[in-house]
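All remarks here apply to the structure that follows.
So you know, we letter chains A, B, ... as the sequences are listed, proteins then strands, and number each from 1.
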Amino acid sequence: MKIIIVTGATRGLGLAVARQCIADGYKVVAVGRTMTEELAFLLQQYSECIDFERYDFSDTEGIHLFAVQITKKYGRPWGLVNNAAIGRDGVLATLHERDIADLIKINIEAPILLTKYILRPMLINRCGRIINVSSIIATSGFNGLSVYGATKAALAGFTKSLAREVGKAGITVNTLAPGYMETDMTSALQGDRLESVRRRSPLGHLATVEDAAYAVSYLLSEQSSRVTGTTITVDAGSSC
Amino acid sequence: MKEKIINIITEIASDSGWEIVANLNDDTVLLESGLDSLGFAILVARLEEELLLDPFTMMDEPVYPRTLGEFVKIYENCSS
Ligand SMILES: NC(=O)c1ccc[n+]([C@@H]2O[C@H](COP(=O)([O-])OP(=O)(O)OC[C@H]3O[C@@H](n4cnc5c(N)ncnc54)[C@H](OP(=O)(O)O)[C@@H]3O)[C@@H](O)[C@H]2O)c1
């Protein structure tokens, strides 16, 4: 069974990706801080296909050891989905420096470090898939999300150069850019603001976490072996 | 250690179809040995898996060895 590491798999998009990976026949290593009912249910139903590894990515110093232990326990991974992130919003002029530092640490420093060390077993295998979850906000911008948007644009930039670096070793690196999806991260966006996001979609509705998880499924598959350094946008057309 | 490292270099090169210089010795400049920077990364990954250590991550300051001799020494110091 091919191993896929999914960060932030306790809820939202990461959980949907974990579900899709199980359906696709992978073994999932779900990483996050807090067990949820939904994840516990998956673990119980598909105990052969999914394991939970608790990790808090604000501890960037421990990421090397964490990656080494994961590889030792589960074997060399086939895929890494860098999905965990925080979405703290607030206008820059009043956003606390601590929040700025946390956003940079969890959304960009941690996935870069995790990728560095999970990449190594992939290099030995000379195959693998890395998927970085960015956002359409990386390119479109959104009032109150300047720092979050900067981290998401950084991740998309990371994809491009890394894809060039590791392509010769048969590893692909791609970005998923979801539009607005209803999850805990976006629960604060309600009412008129939510309606205006919905109106922007030519399809008249929003993308779901399942829609985005299908795109991840494609990027993880053998069939995507000639797709690298690119971005797949799943936003019900709202940025077109 | 040196022998182990040279064996791995040769293995990586033959897996990738790269040509390695005939006489690998302490003065061989790593990036002129026939391994490119990706090959070098694969070498560090292989050694980490086999020796369970990555001396470069353990160092406080970034160190980028130039020659095979410098590279071997780093691993020897770290595993002793
Ligand atoms: N929702 C959207 O509309 C939207 C749009 C575009 C892009 N995205 C991107 O999609 C991804 C998933 O978003 P989501 O909406 O599913 O968010 P979410 O519901 O808030 O879930 C975030 C996930 O990240 C994990 N996480 C957060 N901080 C962590 C930390 N310090 N250590 C370990 N895990 C941590 C959380 O797990 P624990 O709390 O258990 O640690 C959780 O599983 C993110 O990269 C986000 O930027 C979302």
Exercise for the section: Can you see which heavy atom on B:L38 is nearest to which on A:V166, and at what distance? Expected result: CD1-CA, 4.4 Å

Completion exercise
All heavy atoms of B:A41 vs all of A:L123, minimum pair found to be CB-CD1, 4.0 Å

Interatomic spacing from [atom1] in [X] to [atom2] in [Y] - rounded to 0.5 Å:
{"X": "B:I12", "Y": "A:I124", "atom1": "CD1", "atom2": "CD1", "value": "8.5 Å"}
{"X": "A:Y117", "Y": "B:T57", "atom1": "OH", "atom2": "OG1", "value": "3.5 Å"}
{"X": "A:R126", "Y": "B:I42", "atom1": "CZ", "atom2": "CD1", "value": "4.0 Å"}

Practice task
Could you tell me which portion of B:L43 (side chain, backbone, both or neither) has an atom closer than 4.5 angstrom to a non-hydrogen atom of chain A?
Solution key: neither

Heavy-atom count check: over 12 atoms from other residues, nucleotides or ligands less than 6.0 Å from [X] [atom1]?
{"X": "A:Q45", "atom1": "CD", "result": "yes"}
{"X": "B:K73", "atom1": "NZ", "result": "no"}
{"X": "B:F40", "atom1": "CZ", "result": "yes"}
{"X": "A:Y214", "atom1": "OH", "result": "no"}

Exercise for the section: Write out all pairs satisfying side chain to side chain donor-acceptor pair (under 3.5 Å) with one or both partners inside residues 35-49 of chain B, taking only residues at least two apart or from two chains. Expected result: A:H64-B:E48, A:R76-B:E49, A:R120-B:E48, A:K168-B:D36, B:E11-B:R46, B:R46-B:E50

